[in-house]
> 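Just passing along the structure, written as structure tokens.
Quantities reported herein were computed from a predicted structural model and do not represent experimental measurements. Every chain is numbered from 1, with letters handed out A, B, ... down the list of sequences.
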There are 2 protein chains.
Amino acid sequence: MTNPTPTLSHTIADIKAIIHREARRVTSYDVASLAGVSQSAVSRCFKPGASVSKATYARVMQAAQDLDYIPNAAARSLITRRSNLVAVIVAGAVSQHYSDVLSELSCQFSRRGMHIILFNLPSESAMDRTLAEVWQHQVDGAVVAARLSGDQVAEFERRQVPLVLFNRNVAGRAVSAVVCNQEEAARAMVTRLAAGGHKRFAMIDGPAQSPIAQQRKRGMAGRLAELGLPAPLAVAGGFDYASGARGLREIIDRFGGVPDVIVCGNDLMAIGCLDTARHDFNIDVPDRLSVTGFDGIAASSWISYNLTTMRQPLLSMAQAAAEMLVGLVGGTGSGHEQRSYSATFVDGATARLGPA
Amino acid sequence: MTNPTPTLSHTIADIKAIIHREARRVTSYDVASLAGVSQSAVSRCFKPGASVSKATYARVMQAAQDLDYIPNAAARSLITRRSNLVAVIVAGAVSQHYSDVLSELSCQFSRRGMHIILFNLPSESAMDRTLAEVWQHQVDGAVVAARLSGDQVAEFERRQVPLVLFNRNVAGRAVSAVVCNQEEAARAMVTRLAAGGHKRFAMIDGPAQSPIAQQRKRGMAGRLAELGLPAPLAVAGGFDYASGARGLREIIDRFGGVPDVIVCGNDLMAIGCLDTARHDFNIDVPDRLSVTGFDGIAASSWISYNLTTMRQPLLSMAQAAAEMLVGLVGGTGSGHEQRSYSATFVDGATARLGPA
DNA sequence: TTGTACGCGTTATCAA
DNA sequence: TTGATAACGCGTACAA
């Protein structure tokens with residue numbers, strides 16, 4: 001009785017038993033021995049574009065399937081020095097806001113065979129500890145949507161880990177970033193509001209540490225000054241719904257009445273402000289008071305709000321960030337390209353506006 | 001001139017130059033040579049609870065810091081067979097809804113020295129391809145908030161990768177899961193609504209493939225039958241805001257008017273329904289029509305809505321999922337513990353209710 | 001096209 | 001407590 005296939009050292013069951021006994025994982029050696037080829041042949045079969053004969057490829061793939069073999073990414077990354085892992089570092093507060101961004105990044109990277117390790121900062125101060133964990137995992141690059149010091153950026157350079165900042169800037173350092181021009185957005189908003197005849201501006205500001213809040217505030221103040229309008233009455237907020245409600249009360253208290261317009265640091269606060277104005281104070285928006293936001297979150301376009309706001313093109317920005325990082329990992333790109341996006345004005349129903 | 005420290009084979013600059021020239025990473029050998037100890041000594045210094053003398057430890061740590069040495073997680077995971085990586089697999093549609101869950105999971109795991117690799121399914125059908133990528137990365141476990149077939153669950157078992165399902169069930173298989181009892185929640189809601197005198201029920205259902213939507217629908221239908229009330233008029237929805245608006249129109253069309261109550265498959269649809277009812281149809285909610293949701297998302301408690309809904313304890317559930325998975329990875333736990341949570345009734349202002 | 005031999009950077013074992 | 005040595009599972013020169 002002849003056997004047409006080459007004599008194999010082990011059957012599937014044999015090998016599986018051995019693996020089980022030795023409490024090992026299935027390795028390329030196991031596949032090789034089942035397929036009757038060398039380990040390197042197996043390795044080549046899993047490398048796209050490697051030189052393998054059709055017959056060998058088929059035998060190896062069959063054996064791999066029989067044994068449920070999957071290459072070990074850890075071992076591979078050890079030798080190739082590529083982990084196909086990207087760190088995404090976000091500060092806890094913004095992570096809700098950025099859930100769409102996260103999905104988009106995940107899709108974009110997975111399309112290129114890469115995956116995301118998520119680092120969620122409980123507080124911005126935990127960055128150094130977090131970075132240490134990032135280095136351990138040998139990520140190929142990082143997208144950071146959190147505050148980074150100059151030294152921290154320098155460490156990325158020193159370790160040669162490509163870095164793309166998301167909606168953040170680092171003063172005085174050449175670093176790749178995808179940003180939305182917050183200051184310009186704020187100026188545009190003020191311009192429209194002023195054209196609508198608003199004179200007495202108030203604002204509910206974001207957290208003092210937030211660079212985005214700072215930029216929006218600066219843009220607003222700058223444009224108001226240019227237009228010869230009085231500086232806005234600014235109260236502090238925390239970018240959340242409750243801050244909008246509190247902010248309105250504080251403004252009414254300190255203003256001794258209602259201003260012409262309340263520019264809120266983001267949509268969530270604008271919605272809180274709007275709800276409180278209408279339901280608790282019975283203030284007609286926009287007839288007696290205009291309220292505006294920033295961001296263009298989903299809720300801003302709900303019928304109840306139809307918020308006048310500036311929309312950030314977050315999805316495009318996420319795409320750009322992924323694309324830039326992939327470029328940097330691949331060796332393309334300068335390492336300090338800044339892609340700047342503009343927010344678009346959303347002509348809602350919460351502000352009395354002049355002609356466009 | 002005597003040197004009190006032991007003679008070292010290289011200075012910091014020497015070693016850094018060598019590393020640079022050879023385009024290598026800093027390894028434990030480099031640290032060892034700088035500190036004048038063996039490589040194993042370095043390794044021990046980075047292993048908590050290993051036996052190292054104080055003097056050695058100090059010298060090694062100093063050298064490590066001088067060279068910016070960080071242990072390589074890939075190499076470590078190769079030998080320890082632990083990657084300290086957990087896969088979190090979510091279906092694209094739910095990822096927005098689960099952003100809080102994701103943050104919480106990330107915090108919980110990072111507290112235990114583990115990190116999350118995010119797998120975001122574009123469509124539920126991409127699961128097999130995704131799982132192949134999961135296996136590659138040698139994750140220590142997985143939290144899955146997406147549809148999983150029996151075979152797919154079996155593969156987790158075969159590969160001995162601990163698995164915790166999040167708000168999902170797999171029929172006929174013993175598998176660890178954290179769930180919220182959707183059917184019970186729906187029954188509770190119907191009970192309250194019936195006590196409020198509602199008789200003609202309509203519902204805006206979630207996607208047909210969604211098990212959560214199915215369970216909520218089943219609970220509702222079951223309880224209505226028990227109470228001797230007519231079966232609800234059900235229209236299809238997609239768990240998004242627009243579905244709520246469309247659903248209302250369809251119900252009014254098919255019902256030939258307004259039912260007593262519209263039970264929505266989730267809060268987002270309830271909010272869409274509510275907005276459309278009030279602003280487009282001028283229907284008084286709750287006086288003429290009651291509208292209820294499920295989930296207890298942030299927006300449901302905004303002043304404009306104050307939605308009557310059933311709140312899922314998502315944060316507790318996320319904590320539980322992390323805790324269970326860590327237990328399974330550590331060898332504790334049965335592998336098929338089901339932790340079931342109950343939704344809590346939120347007595348909002350969008351439904352006419354009987355006494356509690 | 002295929003196989004041999006080596007190295008990636010770490011932890012684990014064991015003898016000193 | 002310390003150091004030599006052997007894995008871990010893979011990719012890749014190099015020779016055949």
Side-chain angles (χ1 to χ4, degrees), chain A residues 6 9 15 18-19 22-60 63-64 67-84 135-138 140 159, chain B residues 6 9 15 18-19 22-33 35-60 64 67-85 113 135-138 140 159:
Chain A
S9 36
I15 295 181
I18 293 172
I19 291 167
E22 301 179 354
R24 294 178 0 213
R25 301 201 220 275
V26 182
T27 73
S28 51
Y29 282 98
D30 299 317
V31 177
S33 105
L34 179 58
V37 299
S38 74
Q39 178 268 334
S40 45
V42 177
S43 176
R44 277 191 287 263
C45 288
F46 283 88
K47 176 177 177 169
S51 137
V52 200
S53 76
K54 259 205 153 118
T56 305
Y57 182 82
R59 286 236 306 286
V60 166
L67 295 175
D68 291 320
Y69 168 76
I70 300 268
N72 182 323
R76 169 182 290 166
S77 89
L78 205 51
I79 188 127
T80 61
R81 290 171 152 120
R82 291 236 355 214
S83 60
N84 290 318
W135 310 140
Q136 289 213 359
H137 284 286
Q138 312 291 124
D140 293 340
R159 295 186 181 274
Chain B
S9 37
I15 295 180
I18 293 173
I19 290 167
E22 301 179 354
R24 295 177 359 211
R25 299 200 220 274
V26 182
T27 73
S28 51
Y29 282 99
D30 300 316
V31 176
S33 109
V37 298
S38 74
Q39 180 271 338
S40 3
V42 176
S43 176
R44 276 192 290 265
C45 287
F46 283 88
K47 176 178 176 168
S51 135
V52 198
S53 77
K54 260 207 152 115
T56 305
Y57 182 83
R59 287 235 305 288
V60 167
L67 296 175
D68 292 321
Y69 169 76
I70 299 267
N72 182 323
R76 170 182 291 166
S77 90
L78 204 52
I79 185 97
T80 61
R81 292 175 151 120
R82 291 238 353 215
S83 61
N84 290 318
L85 253 25
W135 309 140
Q136 289 213 0
H137 284 286
Q138 311 291 124
D140 293 340
R159 295 186 182 273

> Who passes side-chain contact (heavy atoms from CB on, under 4.5 Å) against Ile19(A), sequence neighbours left out?
Ile15(A), Arg24(A), Val26(A), Asp30(A)
> So which heavy atom on Val31(A) is nearest to which on Ala64(A), and how close?
CG1-N, 3.8 Å
> Identify all side-chain donor-acceptor contacts of residues 41-48 of chain A below 3.5 Å with residues at least two apart in sequence or on another chain.
none

> Compare every heavy atom of Ala74(A) with every heavy atom of Ser77(B), then report the nearest pair and how far apart it is.
OG-CB, 3.3 Å
> Does anything in residues 43-52 of chain A reach DNA chain D, meaning a heavy atom under 4.0 Å, and if so which residues?
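Residues of residues 43-52 of chain A that come under 4.0 Å of DNA chain D are, in numerical order, Ser43(A), Lys47(A).
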> Of Ser38(A) and Tyr29(A), whose closest DNA chain C nucleotide lies nearer the 5' terminus?
Ser38(A)
> Are the side chains of Leu85(B) and His137(A) in contact, using a 4.5 Å heavy-atom criterion?
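His137(A) reaches Leu85(B) side chain to side chain.
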> Which atom names give the shortest non-hydrogen contact between Thr27(B) and Tyr69(B), and what distance separates them?
C-CE1, 3.5 Å
> Base, sugar-phosphate, or nothing for Tyr69(B), non-hydrogen atoms under 4.0 angstrom?
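Contact class for Tyr69(B): sugar-phosphate only.
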> Looking at every non-hydrogen atom in both residues, tell me the closest pair between Ser28(B) and Gln39(B) and how far apart they are.
OG-NE2, 3.1 Å
> Applying side chain to side chain contact (heavy atoms under 4.5 Å, CB included), run through Ile70(A) and Arg159(B) and close with a yes or a no.
CA-CA 11 Å; Ile70(A) 300 268; Arg159(B) 295 186 182 273; 3.6 Å; yes
> Under 4.0 Å, counting only non-hydrogen atoms across every strand here, what does Val37(A) touch: a base, just sugar-phosphate, or nothing?
sugar-phosphate
> Taking heavy atoms of chain B and a 4.0 Å limit, find me the 5'-most and 3'-most nucleotide of DNA chain C within that range.
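First and last nucleotides in contact are dG9(C) to dA12(C).
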> Mind listing the residues from residues 71-82 of chain B sitting with a heavy atom below 4.0 Å of DNA chain D? Number order is fine.
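Output list: Leu78(B), Ile79(B), Arg81(B).
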> Return the value, rounded to whole Å, for the distance between atom CD of Gln136(B) and atom C1' of dG11(D).
14 Å
> Measure from CD on Gln39(B) to P on dT1(D) and round the result to the nearest Å.
19 Å
> Which part of the nucleic acid does Ser40(A) contact within heavy-atom distance under 4.0 Å: base, sugar-phosphate only, or nothing?
base
> Enter the distance from Thr80(A):OG1 to Asp140(A):CG here, rounded to the nearest 0.5 Å.
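The OG1 atom of Thr80(A) sits 8.0 Å away from the CG atom of Asp140(A).
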> With sequence neighbours excluded, tell me which residues meet side-chain contact (heavy atoms from CB on, under 4.5 Å) with Arg25(B).
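Arg25(B) satisfies side-chain contact (heavy atoms from CB on, under 4.5 Å) with Arg81(A), Gln138(A), Asn72(B) once adjacent residues are dropped.
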